[in-house]
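Everything below concerns the one structure shown next.
In what follows, chains are A, B, ... by sequence order, proteins preceding strands, each numbered from 1. In what follows, every heavy atom counts, from backbone to side chain, and hydrogens, waters and symmetry copies are set aside. In this text, all values refer to a predicted model and were calculated from it rather than measured experimentally.
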4 protein chains.
Amino acid sequence: MNRKKSEKYNRIIAAATKMFAEKGYYKTRISEIAREAGIADGTIYIYFSHKDQILIALFEEKMQEVLDNMKRQIGLEDDPLAKIERFALTHLRLIEDNKDMAEIIQVELRQSSKFMKNYHNLKFSQYLDLIEDIIREGQKKNLIKKEVIPSIAKRAFFGALDEMSRYWVLSKSHKYDIETAAKQINSYFIHGIKT
Amino acid sequence: MNRKKSEKYNRIIAAATKMFAEKGYYKTRISEIAREAGIADGTIYIYFSHKDQILIALFEEKMQEVLDNMKRQIGLEDDPLAKIERFALTHLRLIEDNKDMAEIIQVELRQSSKFMKNYHNLKFSQYLDLIEDIIREGQKKNLIKKEVIPSIAKRAFFGALDEMSRYWVLSKSHKYDIETAAKQINSYFIHGIKT
Amino acid sequence: MNRKKSEKYNRIIAAATKMFAEKGYYKTRISEIAREAGIADGTIYIYFSHKDQILIALFEEKMQEVLDNMKRQIGLEDDPLAKIERFALTHLRLIEDNKDMAEIIQVELRQSSKFMKNYHNLKFSQYLDLIEDIIREGQKKNLIKKEVIPSIAKRAFFGALDEMSRYWVLSKSHKYDIETAAKQINSYFIHGIKT
Amino acid sequence: MNRKKSEKYNRIIAAATKMFAEKGYYKTRISEIAREAGIADGTIYIYFSHKDQILIALFEEKMQEVLDNMKRQIGLEDDPLAKIERFALTHLRLIEDNKDMAEIIQVELRQSSKFMKNYHNLKFSQYLDLIEDIIREGQKKNLIKKEVIPSIAKRAFFGALDEMSRYWVLSKSHKYDIETAAKQINSYFIHGIKT
DNA sequence: GATGAATGAGTATTCATTCAT
DNA sequence: CATGAATGAATACTCATTCAT
């Protein structure tokens, strides 16, 4: 549907992902992204008007991928509780497979509101809303307690996964694997909300 | 209990807390902190060798308070499950009462590792470990399932609260109050882990 | 013989020579050098990593010229005593023709060791050694007394010329000309050391 | 004749002599001089209005001593040529005994004109003039050639000694001693100018 | 489109000097 | 007299952005 983005554009996004993850947005120099992408500094400004536009584009691109992937995965299940389980596993696997991106979302997304006035992260909201929708569906089917407030539950569940991700991204070695972590979190949460 | 830090030192920390929360660490100018504290730029350097030392001191000071307060609150309960409930409520109330500090912890703490080499946030680990200890205690008393892995559970629980906090800090209006949020999260989590 | 340095590089060296001579290294601002060179402040940092690198480059460039020129001049004479005479005249003429450079060498070279750790002025040593070599040659040919210690004589002779130069550089008007001064110094020194 | 300077004043001069010799005027901090003198920063401003006044006072004090000492030494001889010999030996011995002061005179005196507008170093001129006077006296007594121009000769002779001093101050080890150096320089110069 | 040299606004930090105690 | 905490002007250096080639 989107026409294919130019190759240089993608090279810049890839280089920025690597550098931002490594050094953070502020400590990364435009010239470092250019070097990493194998192009001249000035070339970046043909594709992006300002440094912060690279970060925004990067968010949008990655989040779209993540969102599409998650929708596909959830679509494979019928049972809302199974969907929730799959959400957790898919999310954590994604983190494991995309550490750079995960680190940027963990770190830079959180401060982005400080320097990017009026940037609202729509994609991220949509991602969270996938959980909310599943919970509502579960409540309709009487699989999830009526007392559960979906907008709170989505944040609680996502927060649990997200904190787990932070640990994954920041620590070098881990005592347990992704599957175990996903299973544990699912177990707490599903027992906690199901009827 | 702590010997009183110099009045200027405290004024700088207070001014930095306000400014960092408002504009973020990088966007905040030393001169803005000085103006907010009602002192000259140079005076800051009598108390802090570098800009980043203000942020570090701020973390340490605030986390110590938070940690002390939480220990006091938990100490009021005997039952591990009641301790967990109190943890959640205390944490969220703290966030509500200290939005500036909460925002800094949410935002700046996460990126701090990027620009502060070898700064390890010991206090934060200790805070998380309070949860782990409660869970182990609960398991000993047969109140919490043996299958629960404490180091995963602490992150899941804290993550849930933390994501809730983020929402609290960033949004202007909320559909429900802190007590409701705390009750919901406790309900999910405690049902999820208790025997 | 040297490949041509970039034009901007040369403009910076020329501007720095003028400014350092006029105000001294410490009192000269980077922005003044830039203005004098007709470029932006930042441009200087494309060519030099630090302010002191300009001074070092300036020394090296000038001393190389001076050294090459002196070797050429000395080469024109066969007799060691004639070489010494030509050294004096060439040195003083050089000072007269390059007051700015002379002033920098007089003033800044002397303090350079204070702020430029491990900068050793090799070219300057080589320049002094030209005198030492001539004296040794003169001793071999029995034109100069064996008792003369070349390493002392070179300093005595150079020092005499150098003090003369200082007077030339610092005073506005002079009672006698360069040729007279050179002749006088040669006369004292050559009578003093010849057999 | 001078009323005795206050003890603190002398302590400051002594501390400044040490620090300026070690690090140079510009690199020396007022606070370093104060620490070295064992007093508070502010106290320096009771005795000196500005940093550069310390350097000027230091010059004046030291040069007065040097001048008085040299006059006394020269007064011990009757023969102009013997006076010259004694000048050289006295000067070099002084350097050897007062390395800090020697270094300051070598280095800082030379750049002082850059930052001290209208500071004219009268004492230094008087010191040089001692040589000129001896030469004139020698010419009157027919001991020194009439062709010798005293104002050139004084600079040549002083320059030779001064360059020797620089070597003494800057080098750690020396191949020959002060007496040898003085004897050599005297030998060149006296043979060079005597009738 | 692509380049990379040049720009110059922007800022953390220093340190001589002051002055209330 | 002596202090030393406070001041704030001053400046080297950085780096996002531009634009002539």
Discussion item. Looking at D:Arg29, is its backbone amide N or carbonyl O close enough to the side chain of D:Glu32 to form a donor-acceptor pair, meaning the two atoms are under 3.5 Å apart?
Written reply: yes
Discussion item. Strictly distance-based, threshold 3.5 Å: is any side-chain N or O of D:Thr17 a donor or acceptor partner for the main-chain N or O of D:Ile13?
Written reply: yes
Working to the nearest 0.5 angstrom, can you tell me the gap between [X] [atom1] and [Y] [atom2]?
X	Y	atom1	atom2	answer
A:Leu55	A:Glu60	CG	CD	10.5 Å
D:Asn98	D:Glu65	CG	CD	7.5 Å
D:Lys8	D:Ile39	NZ	CD1	7.0 Å
A:Tyr25	A:Lys51	OH	NZ	5.0 Å

Length of the line joining [X]:[atom1] and [N]:[atom2], which is rounded to integer Å:
X	N	atom1	atom2	value
D:Ile44	E:dT18	CD1	C1'	14 Å
D:Ile33	F:dA2	CD1	C1'	18 Å
A:Tyr25	F:dA16	OH	P	8 Å
B:Arg11	F:dA5	CZ	P	16 Å
C:Tyr9	E:dA5	OH	P	17 Å
B:Ile46	E:dT17	CD1	C1'	13 Å
A:Arg35	E:dG4	CZ	P	13 Å
A:Glu32	E:dG4	CD	P	17 Å

Discussion item. Under 4.0 Å, heavy atoms only, any strand: does A:Phe48 hit a base, just the sugar-phosphate, or nothing?
Written reply: nothing
Discussion item. Does A:Ile39 reach a base, just sugar-phosphate, or nothing at all? Heavy atoms under 4.0 Å.
Written reply: sugar-phosphate
Discussion item. Assess the residue pair C:Tyr9 and C:Phe48 against the criterion (ring-ring contact (aromatic ring centres under 6.0 Å, His included)); give the C-alpha distance rounded to whole Å, side-chain angles, the decisive distance to 0.1 Å, and a yes or no.
Written reply: CA-CA 9 Å; C:Tyr9 176 95; C:Phe48 301 92; 5.2 Å; yes
Worksheet item: Can you list every salt bridge (Lys or Arg N to Asp or Glu O under 4.0 Å) pair that touches residues 35-49 of chain B, not counting sequence neighbours?
Response: B:Lys18-B:Glu36
Worksheet item: Does the distance from a Lys or Arg side-chain N to an Asp or Glu carboxylate O, for C:Lys99 and C:Glu103, drop under 4.0 Å?
Response: no
Discussion item. Closest approach to the side chain of D:Thr43, judged atom by atom: which nucleotide of F:dA2, F:dT7, E:dG4 is it?
Written reply: F:dA2
Fill in: Options E:dA5, F:dA2, F:dG8, nucleotide nearest the side-chain atoms of C:Tyr47
E:dA5
Between the protein and nucleotides 10-14 of chain F, which nitrogen or oxygen pairs come in under 3.5 angstrom?
unit_1	atom_1	unit_2	atom_2	d
F:dT11	OP1	C:Arg29	NE	2.8
F:dT11	OP1	C:Arg29	NH2	3.4
F:dT11	O5'	C:Arg29	NE	3.2
F:dA12	OP1	C:Arg29	NH1	3.0
F:dA12	OP2	C:Ile30	N	3.2
F:dC13	OP1	C:His50	ND1	3.0
F:dC13	OP2	C:Tyr45	OH	2.9
F:dC13	OP2	C:Lys51	N	3.1

Response to the item:
Counting only Watson-Crick and G-U wobble pairs with both atom distances below 3.5 Å, the stems of 3 or more consecutive pairs that include DNA chain F are E:2-21 with F:2-21
Worksheet entry | Short side-chain N/O contact to E:dA5 OP1/OP2 from C:Lys8, under 4.0 Å | no
